[in-house]
Amino acid sequence: MADTPTSIVVLTGAGISAESGIDTFRSEGGLWEQHRIEDVATPEGFARNPDLVLGFYDARREALAAVDPNPAHHALARLETEFSGELLLITQNVDDLHERGGSARVLHMHGELKSALCQSCETRSRWDAPMSAKDGQRPACPVCKAPSLRPDVVWFGEMPYQMDRIYAALATCDLFVSIGTSGAVYPAAGFVQEARAFGAETLELNLEPSEGSHFFATSRHGPAGQLVPQWVDEVLG
Ligand code: BV8
């Protein structure tokens with residue numbers, strides 16, 4: 001690792017939650033093997049069959065209650081507390097394990113399982129319960145009472161959240177670290193190229209080489225539960 005960074009951007013993907021027991025998308029038996037992306041993670045799929053999509057997200061939201069953050073989540077929370085420079089933690093994950101692992105500032109660029117978006121009044125509400133219809137009735141929006149809630153997640157073809165803030169951070173950071181992501185989905189998969197173009201150091205921590213490994217100056221391969229605490233120790237010296 002070169003000299004101590006002063007401004008770090010971290011991007012995490014499903015791999016950081018794998019050791020907590022949450023399915024990734026592209027592994028053996030992963031989420032995209034159980035369901036077709038176009039059926040459960042696109043606005044068209046939701047319009048075609050809302051109950052299928054709501055059921056898919058209800059199951060994932062429910063599964064969250066049974067899992068815990070792992071040492072990788074805790075290490076990033078320690079970095080947030082003890083690192084004297086600037087840190088932006090961006091996650092592609094819709095789970096709440098970074099928060100439950102102690103991170104207070106998390107940018108969920110693809111939204112959150114525990115947030116509901118009302119398609120009538122566009123209010124976002126914290127949401128823990130199922131969203132599927134019960135006795136044929138969809139739950140009411142807490143604000144406008146319309147039965148038109150959808151998961152507050154970014155589907156394919158939709159605009160990820162806070163992109164301006166993300167690109168501004170990528171332009172000014174001196175270290176970009178990608179953890180547990182396959183580099184298969186844009187614009188997140190392009191962040192390493194953005195950061196490099198502005199002269200940042202780039203580090204990939206992943207179980208195996210990702211689709212974007214060749215863009216990283218340094219790649220380390222192994223489980224996030226081991227690599228992330230080790231890297232945080234290095235940064236905090
Ligand atoms: C957009 C939320 C416009 C919902 C998700 C053609 C070319 C290029 C792009 C496109 C194209 N056609 C269409 C596009 C755009 C499209 C896209 O990229 N498609 C892909 C399929 C080609 N993207 C979009 O539509 C995005 N919107 O482009 O809007 C725009 C453009 C620019 C700027 C602004 C706007 C919206 C995409 C968001 C979709 N929503 N999730 C939900 O969760 O259900 S995507 C979902 O998959 C994730 O959020 C993540 O982003 C993505 C990849 O998943 P990963 O997290 O990487 O997980 P994966 O299983 O793939 O990999 C896990 C990795 O962990 C593996 O590498 C594995 O080795 C590793 N691992 C496993 N265990 C461990 C581990 N690592 C460490 N330790 C372990 N123990």
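What's counted below: heavy atoms across the whole structure, side chains too, no hydrogens, waters or symmetry copies. Numbering of ligands and ligand atoms starts at 1, following listing order.
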Hey, which atoms in ligand 1 end up nearer than 4.0 Å to a heavy atom of [X]?
X: Gly180; result: 63 (C), 64 (C), 65 (O), 76 (N)
X: Tyr57; result: 4 (C), 42 (C), 44 (O)
X: Val185; result: 18 (O), 37 (C), 47 (O), 51 (O), 52 (C), 53 (C)
X: Gly157; result: 24 (C), 25 (O)
X: Glu19; result: 78 (N), 79 (C), 80 (N)
X: Gly222; result: 77 (C), 78 (N)
X: Gly13; result: 56 (O)

What part of [X], side chain, backbone, both or neither, has a heavy atom within less than 4.0 angstrom of ligand 1?
X: Arg60; answer: side chain
X: Ala18; answer: side chain
X: Val94; answer: side chain
X: Ala224; answer: both

Between Thr24 and Ser27: side-chain donor-acceptor atoms closer than 3.5 Å: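 Checked: Thr24/Ser27 side chains pair up, N/O donor to acceptor below 3.5 Å.
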Glu204-Ser213 side chain donor-acceptor pair, cut-off 3.5 Å: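 Distance-only check passes for Glu204 and Ser213.
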Euclidean distance, Gln92 CD relative to Ser178 OG, rounded to 0.5 Å: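 If I round to the nearest 0.5 Å, the distance is 7.5 Å.
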Value rounded to 0.5 Å, distance of CD in Glu80 from CZ in Arg105: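 The distance works out to 4.5 Å.
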Looking at [atom], what's its closest protein heavy atom, distance included?
atom: atom 29 (O) of ligand 1; answer: Glu158 O, 3.3 Å
atom: atom 41 (N) of ligand 1; answer: His110 ND1, 3.9 Å
atom: atom 76 (N) of ligand 1; answer: Leu207 N, 3.1 Å
atom: atom 21 (C) of ligand 1; answer: Phe156 CE2, 3.9 Å
atom: atom 47 (O) of ligand 1; answer: Arg26 NH1, 3.6 Å

Donor-acceptor under 3.5 Å ([X] side chain, [Y] main chain):
X: Asn206; Y: Ser182; answer: no
X: Trp155; Y: Gly157; answer: no
X: Arg61; Y: Leu113; answer: yes

[X] with [Y]: basic N within carboxylate O range, under 4.0 Å:
X: Arg36; Y: Glu38; answer: yes
X: Arg60; Y: Asp95; answer: no
X: Lys114; Y: Asp128; answer: yes

For [X], state whether at least one heavy atom is located under 4.0 Å from any atom of ligand 1.
X: Ala189; result: no
X: Pro160; result: yes
X: Pro223; result: yes
X: Met109; result: no
X: Ala184; result: yes

[atom] within contact range, any protein heavy atom under 4.0 Å:
atom: atom 13 (C) of ligand 1; result: no
atom: atom 79 (C) of ligand 1; result: yes
atom: atom 53 (C) of ligand 1; result: yes

Reference residue Asp152; test side-chain hydrogen bond (donor to acceptor under 3.5 Å, both in side chains); the match among Arg126, His110, Arg124: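 Result for side-chain hydrogen bond (donor to acceptor under 3.5 Å, both in side chains) with Asp152: Arg124.
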[X] versus ligand 1: do any nitrogen or oxygen atoms come within less than 3.5 Å of each other?
X: Asn93; result: no
X: Gly183; result: no
X: Ala14; result: yes
X: Gln92; result: yes
X: Tyr167; result: no

